[in-house]
Each structure stands twice: as C-alpha cells, then as structure tokens.
Peer 1: 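Got a structure for you, written out below as structure tokens; questions coming shortly.
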Amino acid sequence: MRQFALLALSVIAVTLLTHSPLTARTPLDKQESENKKPRVVILATGGTIAGAATSSTQASYKPGVLSIEQILKTVPEIEKIAQLKGIQVSNIASQNMEEGIWLELWRTIDNLFTHDLCDGVVITHGTDIMEESAYFLNLTVRHSRPVVITGAMRASTSLSPDGPFNLFNAVALAASPNAQNRGVMVVMNDYILSADDVTKTNTVNTDAFECPNFGPLGYMRGGTPLFFRESRQTHTASSIFNLKGLTSLPKTDIVYAYAFSSDIAINALIDASTDGVVIAGVGHGNYNKAIAAAMERGSSKGVAFIRSSRILGGGVDLSAEDYDSRWPVSFNKSPQKARILLMLSLTLTKDPKEIQKFFMEY
Ligand code: SIN
C-alpha cells in the first residue's frame, strides 16, 4: 500500500512537472528529497522580470523573453535557501493574461499542495495585472501554504534590474514557516503586500506597489520576513470559492464613470450578455442618471451590478448615497478586484444580498 502511494505520488509529480512543454527542471530526485531545505516551485508566466532590451540603459524593452531557467541563473543565491523547481506556465506580457492561464495556475498550485509536492509557490508575473492574478488566487487556492507573486519594473538586461532581488525575497518568503496562512502575497521592492489590498500606483518606478487602505503586511530584510499586520479578509484555506470542475468563469466587466458619462458602453455590455458589471464610480461609488437607467435595464435582464469607486483609497461602504441593496457596494475592492469577486460570487449565487455579504467578507 505504502509502495503504491509512493508510486502514485511520483507519477503525479512527473505529470505535473512535465505538463508544460517549456518545463525547465526535472522532478525532485532522491538526493533532493533528503535535503532539508524547503521545497519551492516557481511558476513563471512572463512580464518584465523576464524582459530584455537591446542595451542596459534603454527604457523600453520586450517583456516575456527569458525562460525560468535563464531567470534562475541570474539569482544563484536562492539555491542556498530552497530546493527549487521551475515550471514555465506561459511567457506573456501580463496585459495578455487569459482565463485559461488563471485556471492553469490554480490547478497546478492545488495539485502541488494537495499532493505535498512543495512547501511554497512563487509566481513570476508581469506587474500590470499582478494584483488581479494575486486576488484571484487569494480567493481560490484553498490551502494555507504560501503563494507569493513577484515581478520587476526594470528588464533583466537593465544596468540595475530589480527582478533578481524581488525573486530572492519571494523565494525566501515562500520558504518561510512564518508565511503560512497569510493569504496570497505580493513581494515587490522589499514590501510584503496582501492580495486583497495591493495595487500598482506607479507606471514606471521600482517602488510601484501599495496597499492604499491597510498598508503593507510587512517587509523582507536579508531574506527574513518581518510582519506587522495580518490580512484583514477571508482568504485561501478559508475561502468558500471552489473551482473544482469549472472549465470557465462567469463573464464580468467594468464601466468607468466620468463627467457626463454616456450609457453606450454599459448598454453594449448588457446587450452582449455579460453576467455582471462593476461600476467604477466617482467619489463614494456614484454615477449619473444615464448609467443608473442602464443599470435598471440590465437588472431586468438578470445582469448583476457592483458599485465601486475609481478613487484609490476609502472604498465604497453601505453609507453610499442612495444605497440600494440591488447594487452591492465593493468596500475596499478596486474596480478590477471587485470584478474578480463578482465573477467568483456568480459561480455560487445571483442574489445581491448574498453577493453583498461576500464583498463584506473577502
Ligand atoms: C507586464 O505586466 O507584463 C509588463 C509590465 C511589467 O511586468 O512590469
């Protein structure tokens, strides 16, 4: 029985680690499994951390060029802190992220943790969509082992690239016993940021990420995490959202409010049978009469709506102007995160009161 279990485990390991045609490394061998260092799997998806330019001072570059093997060669120091395996899941600029890649990331992480194939996961990712992938996994990876996402603002060929130290920090965090049960974390520029609050606040600077509502979870110092707060919302192992058996997700979109907003975009989405729309409202989640009328129309066709705000901090709470329980408010969720929570909420219910509870909890 024990022999069978071991065999089954190694078959799963080989399947997982050879699943992608771009797999960079071999499965754990005997010598490695006897090694006491924590086992960290790096899932590479592309971005600037894998980007390259033609000169070391050039500002523009091409993202998603280097393989995970090439990236790992730039940070030999991480071999000292963890047993590493790299899996190339994709090699894209993150604006081209697809639902299929999110589902693949979720499936791979779920398999790795379910079958005890590693102690922590690091995802290398483009910074543009990083906060969205982090929040999606924060709501769907139902395990307490660490999942850490990192990337870079400067390409690998830069005179002073930030990717190598970000990756070192991410692996050190994923390998740390102190990182368990803290939800999915983003590590950038030495900060540890919670998936539920992190957002990109600068388009080019290396100090590009913040948690505008609650502040960072902590920071990395010499490969050691120092935490000064817990994640505030329900996440990962305690999440109700279960992707098992799902091959696609509800379609949800965002409509931006602005001075004399038109109803053209929102009505087009309703007519294209979207399942839900997040309004990126002005101020405390407000929008004009044209959008309000379109929401009434969409509601009669079964489209769900969320009131969020285009403002960076403060969120939208139950004290919003003309609060109507048919349109749940987003609390601290940015429009792009509210869209993900709405998408997952719609896998369970269309009842706005239930959806409102999810927005209070997650
Ligand atoms: C991307 O998001 O893939 C490009 C930008 C970056 O990684 O910083």
Side-chain angles (χ1 to χ4, degrees), residues 20 22 24 42-72 74-75 86-106 108 121-138 147-171 173-174 184-193 195 197-212 216 220 254 312 334-337 339-340:
S20 159
L22 295 168
I42 303 179
L43 305 178
T45 67
T48 299
I49 193 166
T54 48
S55 91
S56 62
T57 50
Q58 189 182 320
S60 77
Y61 57 89
K62 192 169 159 24
V65 175
L66 267 61
S67 68
I68 183 58
E69 258 184 338
Q70 290 171 306
I71 295 173
L72 285 172
T74 66
V75 206
I87 301 178
Q88 193 80 49
V89 175
S90 64
N91 212 351
I92 56 166
S94 73
Q95 67 265 30
N96 293 318
M97 184 50 68
E98 290 169 9
E99 181 183 294
I101 299 176
W102 274 6
L103 293 174
E104 178 69 16
L105 283 172
W106 171 79
T108 305
V121 166
V122 167
I123 302 171
T124 56
H125 200 294
T127 59
D128 291 351
I129 299 289
M130 182 179 279
E131 66 203 65
E132 295 179 49
S133 298
Y135 189 52
F136 172 74
L137 295 171
N138 196 49
V147 175
V148 182
I149 308 194
T150 196
M153 293 299 289
R154 291 183 183 150
S156 66
T157 46
S158 160
L159 192 59
S160 169
D162 52 333
F165 218 110
N166 284 341
L167 184 57
F168 175 82
N169 277 339
V171 170
L173 180 59
V184 172
M185 291 170 279
V186 164
V187 167
M188 289 291 290
N189 199 34
D190 292 349
Y191 284 108
I192 307 170
L193 305 136
D197 199 25
V198 63
T199 195
K200 189 171 183 179
T201 54
N202 193 289
T203 55
V204 288
N205 202 283
T206 50
D207 191 11
F209 285 83
E210 279 175 47
C211 285
M220 296 297 296
I254 300 171
L312 185 62
S334 61
Q336 57 272 30
K337 287 195 189 157
R339 172 186 166 255
I340 294 165

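As the structure lists them, so they are numbered: ligands from 1, and atoms in each ligand from 1.
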Peer 1: Any N or O on D128 sitting closer than 3.5 Å to an N or O of ligand 1?
Peer 2: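 For ligand 1, there is an N or O atom that lies under 3.5 Å from one belonging to D128.
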
Peer 1: So which heavy atom in the protein is nearest atom 8 (O) of ligand 1, and how far is it from that ligand atom?
Peer 2: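 Going atom by atom, the protein heavy atom closest to atom 8 (O) of ligand 1 ends up being T127 OG1, 2.4 Å.
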
Peer 1: List ligand 1 atoms under 4.0 Å from G47, heavy atoms only on the residue side.
Peer 2: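 Here the atoms of ligand 1 in question are 3 (O), 7 (O).
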
Peer 1: Determine the sole option in N166, D207, N205, D162 for which the side-chain hydrogen bond (donor to acceptor under 3.5 Å, both in side chains) test with N189 is passed.
Peer 2: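 One option only clears the test, and that one is D207.
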
Peer 1: Any side-chain heavy atom of E132 within less than 4.5 Å of one from W102?
Peer 2: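 Result yes, sub-4.5 Å side-chain heavy-atom pair found.
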
Peer 1: Taking only heavy atoms of G126, which atoms of ligand 1 are found under 4.0 Å from at least one of them?
Peer 2: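 Those qualifying, in numeric order: 1 (C), 2 (O), 3 (O), 7 (O).
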
Peer 1: Suppose we measure from atom 2 (O) of ligand 1 to each protein heavy atom; which comes out shortest, and what is that distance?
Peer 2: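 For this ligand atom, the closest protein heavy atom is S94 OG, 2.6 Å.
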
Peer 1: Rounded to the nearest 0.5 Å, how far does OG of S334 lie from CZ of R339?
Peer 2: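 These two atoms lie 11.0 Å from each other.
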
Peer 1: T48 heavy atoms, cut-off 4.0 Å: which ligand 1 atoms fall inside?
Peer 2: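 So the answer, numbered in order with elements, is 4 (C), 5 (C), 6 (C), 7 (O), 8 (O).
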
Peer 1: Ignoring hydrogens and angles, state whether a donor on the side chain of Q70 or T74 is under 3.5 Å from an acceptor on the partner side chain.
Peer 2: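 The answer is no; no qualifying pair exists.
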
Peer 1: Can you tell if the side chain of T150 reaches within under 4.5 Å of the side chain of M188, non-hydrogen atoms only?
Peer 2: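 Answer yes - side chains close enough.
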
Peer 1: Can you find an N/O atom of A152 closer than 3.5 Å to an N/O atom of ligand 1?
Peer 2: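 For ligand 1, there is an N or O atom that lies under 3.5 Å from one belonging to A152.
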
Peer 1: For ligand 1, which atoms have a heavy atom of A93 less than 4.0 angstrom away?
Peer 2: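 This gives 3 (O) as the contact atoms.
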
Peer 1: Can you find a heavy atom in the side chain of T127 that is under 4.5 Å from one in the side chain of F209?
Peer 2: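 SC-SC contact between T127 and F209 confirmed.
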
